[in-house]
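Reminder, nothing fancy here: chain letters follow the sequence lines and each chain counts from 1. Atom set for the values below is all heavy atoms of this structure, side chains included, hydrogens, waters and symmetry mates excluded.
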Amino acid sequence: MTSLLENLNEAQREAVLHVDGPLLILAGPGSGKTRVVTHRVAHLLEQGVRSRQVLALTFTNKAASEMRNRIQSLVPGEAVWVSTFHRFGARMLREHGELVGLAPNFTIYDTSDSRQVLKRVLEAERIHVMGYSPDRIAGAISAAKNKLITADDYKARRDSPLSEIVAQVYPAYQQRMLQSAAVDFDDLLMHVASLLYHNPEVRAQLDDRFRYVLVDEYQDTNKAQYVILKALSVDHPNLAATGDPDQSIYGWRGADITNILEFERDFPQVHVVRLEQNYRSTKSILRVADELIAHNTRRKQKSLFTDNGEGRPVRLIAYADQDLEAGGIAEEIRAAIEGGQRRASDFAVFYRTNALSRSMERALRAAGVPYQMVRGQEFYGRKEIKDVLAYCQLANNSHDDVAFDRSVNSPTRGVGKKSIERLNLHAYRYGTSLLDAARQADSIEGMTKRAANSLLSYVKLIDEVASLASDSVEAVIGTVIEKSGYSKALRESGDEEDQSRLENIEELLTDARQFDEQSEEFGDGGLEAYLERTWLVNETDDWETEADKVTLMTLHATKGLEFPVVYLIALEDGILPHERSRDNAEGLEEERRLAFVGITRAKEQLQMSYVRMREYRGQRRMAIPSSFLMEMPREQLEMVDARSDDLDFYADDYDTYGVDEQYEEPSTQIDVPKSPAPKLPVAAGLTTAAQLAGGKSTKHSKVSPDVFSLGMTVVHPEFGPGKITALGGSGSARKATVQFAAAGERRFVLVHSQLRPAQG
DNA sequence: ACGAATTTGATTTTT
DNA sequence: TCAAATTCGT
């Protein structure tokens, strides 16, 4: 009991001790929010609240699993339900979906799947799109759903041609989705909100079941999420929201900052706690952030403070162009690493748009500095993975026409465009699914004998897969891969790319096996559960945090993270307030928050920069410094003009921040290296061929994933000796990237790999 | 049905 | 500029 409150400040303690009634935790950056939330859950359980009655909702899987783990370590053995909003929505719809006309075995379409459906509908309904792209139309539908405007409620506005299109296509799209027993991401929330609204008994039942609801990042909730939360907090109004209006950066995705601004109005008896002490950044960094964000109007007054040291002044540099900017930063990072003051992983470079990473990447590569980009390329989104999963989806839900489309002719089996067209017509005419239409392939007019036969054997395969559904997922996917001829086609292809596709498919099989093992232990397995995971959990959720590499990412991706040294680049008009956002006040404020979020990620050092000339879409253009720079305490910034050649930034001996080691800064020149810097010794420490010999004998002995560490020399029976260059995840999810002497770089899921530490 | 050629259009992207 | 998406040609 006492231990729970140890090392908490006054405000944190207040939040942790709050039990009944609504609670709003306004948590500034670096204020120990997660600690407060997890400790509060532990405290609730100590007060006799049953763990089944607690529901914690997050936006990302990463946040959910972090919270889950931290609660677990505080109160072992207690099963609190921590979930993303969308997974929660999916779970509710599996139970109560019939109330909104949804079959329980529904499929969840990702963005590209639902875009596919939309295009179909636009075509089938012969809707004049008047030059609006499907993406644009989909965006409008999504926005409507986020605002909880249903297809029936949607009304076209006279002044908006786009809304006229939406008014036509939205109902048709929604009908098509329901027919296919499918939902898109937005539906997961909208359907739940709607069923809670229309079914008072269900609402009451769930309100009772989830007595204590916690929400993370409340500033990012949209209307649908707001309504869900509200509905779960009528009879038991114990909603605890944590968030920070100043970090609301997803307005463009439907997040409504009003939710957090008006929480107190929505829940009159709310207890408000402000977490204002920052444990992350130096005073100078915090001051810059604070002064900038003070220019926003839609916010809650907070006064951030820190006991940390003053630290170095925040630097603002003007470079001549982007290559000098990137080169200067890369060189500085290289020097700090080489001088031993910093590790590569201490550094992060943030930018507004992905396109800005290019020059930075080039410069880092030239300087021989290892880096990683947090990318959006997700494992389950890869073509081959989606292809294989489509068979499973269809076996699970025979109405899933998108899955049919995707799988019916991949690998190619002689069912071409013409046959599909006839099939479509038939299905449309008789109102059946494509799969059911295919069952009657031989009686469809115009269908060639060849195509009909192919279709019938395809249907047979799907039926067989469906009959396996109660088996292990591994068996299901294994069957698909073999009997569909998918792996055969890849094996026989000479294409290099197909080779890696094959590997990915094998990784999928491994992933399925891992899922089977886990569900054996904890229950809740089966094909549908597995599919749901592929739809709602993407692999980028655990990127390699342990890798000793410089991190490059967009500002949006930085939320929740921190780095000792941060470079914020391209602070230019039209880029950081982005040109598409700066016209309206609302948009401009969000851009400012984006800058605020970026700045407050920095622990010890922050450098902001802009250039005078930027190459943009092929055009060289004069760049104007961001207006945000004028809103910062300029007299406290260390301003540097990189035109002068002999600058010595660290000539003065600044107070170094806080408890940290006082390190010596190299006196770095800002001018760009004239010749490429020497490459890092990547292959250093590799095992010799002699050490390899013993490797194979360890092949089947189990090794705990925890024995592996960064930089460790390892041996693989197939690929030989290598060195671990990156590590991520923990337990059975622990993954490693290995640089092999002979076989290049490869990634492994450690529990399943044959990777072993090298002996000797 | 595939690869080449060309057209287009271009923030951010938790799910 | 440049990459993705569509169309074209075989």
#### Entry: Stepwise side-chain hydrogen bond (donor to acceptor under 3.5 Å, both in side chains) test for A:Thr258 and A:Arg298
CA-CA 9 Å; A:Thr258 319; A:Arg298 300 201 72 192; 3.2 Å; yes

### Summary
Taken in chain and number order and not counting sequence neighbours, the residues that satisfy side chain to side chain donor-acceptor pair (under 3.5 Å) with A:Tyr458 are A:Ser407

### Sequence-distant partners of A:Gln174, side chain to side chain donor-acceptor pair (under 3.5 Å), two or more places apart
A:Lys145, A:Asp187

### Residues A:Arg352 and A:Glu572 bridged, charged N to O under 4.0 Å
no

### Query
Touch check for A:Tyr250, heavy atoms < 4.0 angstrom, all strands: base, sugar-phosphate only, or nothing?
base

### Query
Phosphate oxygens OP1/OP2 of B:dT11: is one of them under 4.0 Å from a side-chain N or O of A:Asn354?
no

### Query
Touch check for A:Asp184, heavy atoms < 4.0 angstrom, all strands: base, sugar-phosphate only, or nothing?
nothing

### Task
Only counting residues at least two apart or in another chain, list the ones meeting ring-ring contact (aromatic ring centres under 6.0 Å, His included) with A:Phe263.
A:Tyr218, A:Phe267

### Message
Can you measure A:Tyr351 atom OH to B:dT11 atom P for me and round it to whole angstrom units?
### Response
15 Å

### Task
Could you measure between the two P atoms, the one in C:dA4 and the one in B:dT13, and give it in whole Å?
15 Å

### Message
Restricting to side chain to side chain donor-acceptor pair (under 3.5 Å), what partner residues turn up for A:Tyr610, sequence neighbours left out?
### Response
none

### Message
Generate the contact string for nucleotides 2-10 of chain C. Rules: B means base contact, S means sugar-phosphate contact only, - means no protein heavy atom under 4.0 Å.
### Response
SS--S----

### Task
Choose from B:dT13, B:dT14, B:dT15 the nucleotide whose nearest atom is closest to any side-chain atom of A:Leu536.
B:dT15

#### Entry: A:His556 NE2 to B:dT13 P, straight-line distance once rounded to whole Å
7 Å

### Query
How long is the line joining CD of A:Glu590 and P of B:dT14, in whole Å?
15 Å

### Query
Is A:Asp246 paired with A:Arg299 through a side-chain N to carboxylate O contact shorter than 4.0 Å?
yes

### Query
Mind checking whether A:Phe88 and A:Trp81 have parallel, tilted or perpendicular rings, split at 30° and 60°?
tilted

### Task
Let me know the distance between CG of A:Asn584 and P of B:dT11, rounded to the nearest Å.
17 Å

#### Entry: Atom pair distance, as rounded to whole Å: CG in A:Asp405 and P in B:dA1
13 Å

### Message
From OH of A:Tyr218 over to P of B:dT14, roughly how many Å is that when rounded to an integer?
### Response
22 Å

### Task
Please determine, for the side chain of A:Asn61, which listed nucleotide (B:dT15, B:dT12, B:dT14) has the closest atom?
B:dT15

### Task
Can you sort out the partners of A:Phe59 under ring-ring contact (aromatic ring centres under 6.0 Å, His included), two or more places apart, ordered by chain and number?
A:Phe85

### Query
Under 4.0 angstrom, heavy atoms only, what part of the nucleic acid is A:Asp220 near: base, sugar-phosphate, or nothing?
base

### Query
Does any pair with a residue in residues 130-139 of chain A pass side-chain hydrogen bond (donor to acceptor under 3.5 Å, both in side chains), and if so which ones, sequence neighbours excluded?
A:Arg115-A:Asp135

### Message
Between A:Asp573 and A:Arg582, does any side-chain N to carboxylate O distance fall below 4.0 Å?
### Response
yes

### Query
Does A:Glu615 pair with A:Arg620 as a salt bridge, N-O distance under 4.0 Å?
yes

### Task
Nearest-nucleotide wise, let me know which of A:Thr111 and A:Tyr616 is further upstream toward the 5' end of DNA chain B.
A:Tyr616

### Query
What is the nucleic acid contact for A:Glu591, judged by heavy atoms within less than 4.0 Å: base, sugar-phosphate only, or nothing?
base

### Query
Whole Å only: how far is the CZ atom of A:Arg533 from the P atom of B:dT15?
14 Å

### Message
If the glycosidic angle sits within 90 degrees of zero it is syn, else anti. Tell me which applies to B:dT11.
### Response
syn

## Note on the structure
The contact string for nucleotides 2-10 of chain B, one letter per nucleotide 5' to 3', using protein heavy atoms under 4.0 Å with B, S and - for base, sugar-phosphate only and none, comes out as S-------B

### Message
Just the rounded figure in Å: distance from C1' of B:dT14 to CD of A:Gln219.
### Response
11 Å

### Task
Give a yes/no verdict on base stacking between B:dT11 and A:His578: centres under 5.5 Å, planes within less than 30° of parallel.
yes

### Residues touching DNA chain B, which here means a heavy atom under 4.0 Å, drawn from residues 251-258 of chain A
A:Trp252, A:Arg253

#### Entry: Test of ring centre spacing under 6.0 Å for A:Trp252 and A:His578
no

#### Entry: Per A:Phe185 side chain, nearest of listed nucleotides B:dT15, B:dT14, B:dT11
B:dT15

### Message
By nearest heavy atom, map A:Arg413 and A:Leu555 onto DNA chain B; which one lands nearer the 5' end?
### Response
A:Arg413

### Message
Please classify the nucleic acid contact of A:Arg352 as base, sugar-phosphate, or nothing, using heavy-atom distances under 4.0 Å.
### Response
base

### Query
What does A:Gly416 touch in the nucleic acid at a heavy-atom separation under 4.0 angstrom: a base, only the sugar-phosphate, or nothing?
sugar-phosphate

### Message
Heavy-atom count check: over 12 atoms from other residues, nucleotides or ligands less than 6.0 Å from A:Arg491 CZ?
### Response
yes

### Query
Can you name the side chain to side chain donor-acceptor pair (under 3.5 Å) partners of A:Lys230, sequence neighbours left out?
none

### Query
With pairs taken as Watson-Crick or G-U wobble and both distances under 3.5 angstrom, which stems of at least three consecutive pairs involve DNA chain B?
B:1-10 with C:1-10

### Message
Once salt bridge (charged side-chain N to carboxylate O under 4.0 Å, His left out) is applied, do any residues pair with A:Lys418, and if so which ones, sequence neighbours excluded?
### Response
none

